[in-house]
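Order of the sequence lines fixes the chain letters, A, B, ..., with proteins taken first and strands second; residue numbering starts at 1 for each chain.
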Amino acid sequence: MNKVNAFDVLKERGFIQQVTHEEPVRELLGKESVTFYIGFDPTADSLTIGHFLTVMAMAHMQRAGHRPIALIGGGTAMVGDPTGKTDMRKMLTREGIEHNSQCFKKQFEKFIDFEDGKAIMEDNANWLLKLNYVSFLREIGVHFSVNRMLTAECFKSRMEKGLSFLEFNYMIMQGYDFLELYRRHGCRIQLGGDDQWSNILAGADLIRRVEGAEAYGMTFTLLTTSEGKKMGKTESGAIWLDPEKTSPYDFYQYWRNVDDADVEKCLALMTFLPMDEVRRLGSLPGEKINEAKKALAFEMTKIIHGEEEAMKAQKAAEALFGGGGDSESIPTTEISQELLAEGLNILDALVMTGLAPSKGEARRLVTQGGITVNEQKVEAIDRTITDKDFEEGKAIIKKGKKSYHRLKVQ
RNA sequence: GGGGAAAUUCCCGAGUGGCCAAAGGGGGCAGACUGUAAAUCUGUUGUCUCAGACUUCGAUGGUUCGAAUCCAUCUUUCCCCA
């Protein structure tokens, strides 16, 4: 058992948003190894940065000697969490959920140590899917008051838009998960994002009523910018942990570009740097704050994609932003000799590389002076790329100030 | 089960027969200024073979020289009553 109380660590790093019983939880975490759980619904084939935040919390807890349960919501995903959704989301198929669960499992193993029972992975499909409706209602359903459920914040927005009975049951299912984990593994605490507060309370209440035991809940701050917007979203969607969906280079760049105001918070939440260092970096004045951003981007990329990828991303960034160099790690498209011989129109090149989604967009970018080839502004839309643009078989197209793409001769 | 209302481009939201590729705002993208930041200002924001053409206003069919706008049917959603 580590001397440092996990609760204090999480508190100091700014994770904690709400706790059911602050003092008892702190005390409990200080005196024994506690089993706790966090649930993840497999609604996509990769974890996102939002999940990552809770995984970090899990890792901190594990380092302090506690035992995490990563609960995959194979059963709850069949229903869909209505929290924070304005519309009912589309139903996932059984196969889709199964596939996503596998992807989640692989990713968890990178951050949490599952050796020797130091952590447990469970899937609530194992118990939820075989429940009998009537007996479930009689055993569990009696303990829930519809009146109280309706007052829960998470249903409020849906009272206007409409809430199906299916989704209404989500809270009960999640509550039941907690009870089941308590019975199977002696799980005492449930953690989650702050949007999960009412679902967590439901579970803790249920355990108290059914088992007469104390169970606790704790939520973490949601990742938002200083302006209150959700972080981890880009124009092309979420930031994924899967390198196939968000390349390490793009990942690095995203964090390299966070607002000044958010750097310190991100360092505390999503790196393992000691807090003294976090505070030092966060308070660097003016232009120096860029040091903190570099550290943030590097550390995060390292945790998620490994040190090697982090180095590559950093080198690529430095080469490009530091003055023209070339690097292996930026996104690359290969083009054939023949194509090049004919002369590749800049508009086609932009679409091919994905820098522009359509030719219309490409045309606009060029017209507005947003495109350069090897640091030379493209002046006209009839510009073609020929072998003269290639040095050692490579050419770099830049869109705006920050998006680079490399062309490589096959 | 009965009655009422609505569905518009990424989002919100104008638009009731031609002047509508569709106001305005948000968001996005680009330019200027900068520190790969923020704020601000400017431009832009359906597709293409881009002085032109083509496809869009829940779906299908119809009226009309001409429809996002009118009619019919369908689908979905919301509200009121039971």
Between B/U73 and B/G3 - P atom distance, rounded Å: 14 Å
When the C1' atoms of B/A68 and B/U55 are compared, how many Å lie between them, rounded to an integer? 14 Å
Per the under-4.0 Å heavy-atom filter, residues of residues 359-367 of chain A near RNA chain B come out as A/Lys359, A/Gly360, A/Glu361, A/Arg363, A/Arg364, A/Leu365
Under 6.0 Å between ring centres, would you say that holds for A/Tyr182 and A/Tyr37? no
Is the base of B/G31 touched by the side chain of A/Gln368 through a donor-acceptor pair closer than 3.5 angstrom? no
Is A/Ile289 touching bases, backbone alone, or none of the nucleic acid, heavy atoms closer than 4.0 Å? base
Phosphate OP1/OP2 of B/A37 contacted by A/Lys402 side-chain N/O (<4.0 Å): yes
Distances for protein N or O near nucleotides 21-26 of chain B N or O, under 3.5 Å:
none

In terms of relative ring orientation, are A/Phe108 and A/Phe104 parallel, tilted or perpendicular, with 30° and 60° separating the classes? perpendicular
Assign A/Lys288 to base, sugar-phosphate, or nothing according to its heavy-atom contacts below 4.0 angstrom with the strands shown. nothing
Beyond-backbone contact of A/Val278 with A/Arg13, side-chain heavy atoms, under 4.5 angstrom: yes
So side-chain hydrogen bond (donor to acceptor under 3.5 Å, both in side chains) across residues 359-372 of chain A, not counting sequence neighbours, yields A/Asp348-A/Lys359, A/Glu361-A/Arg364
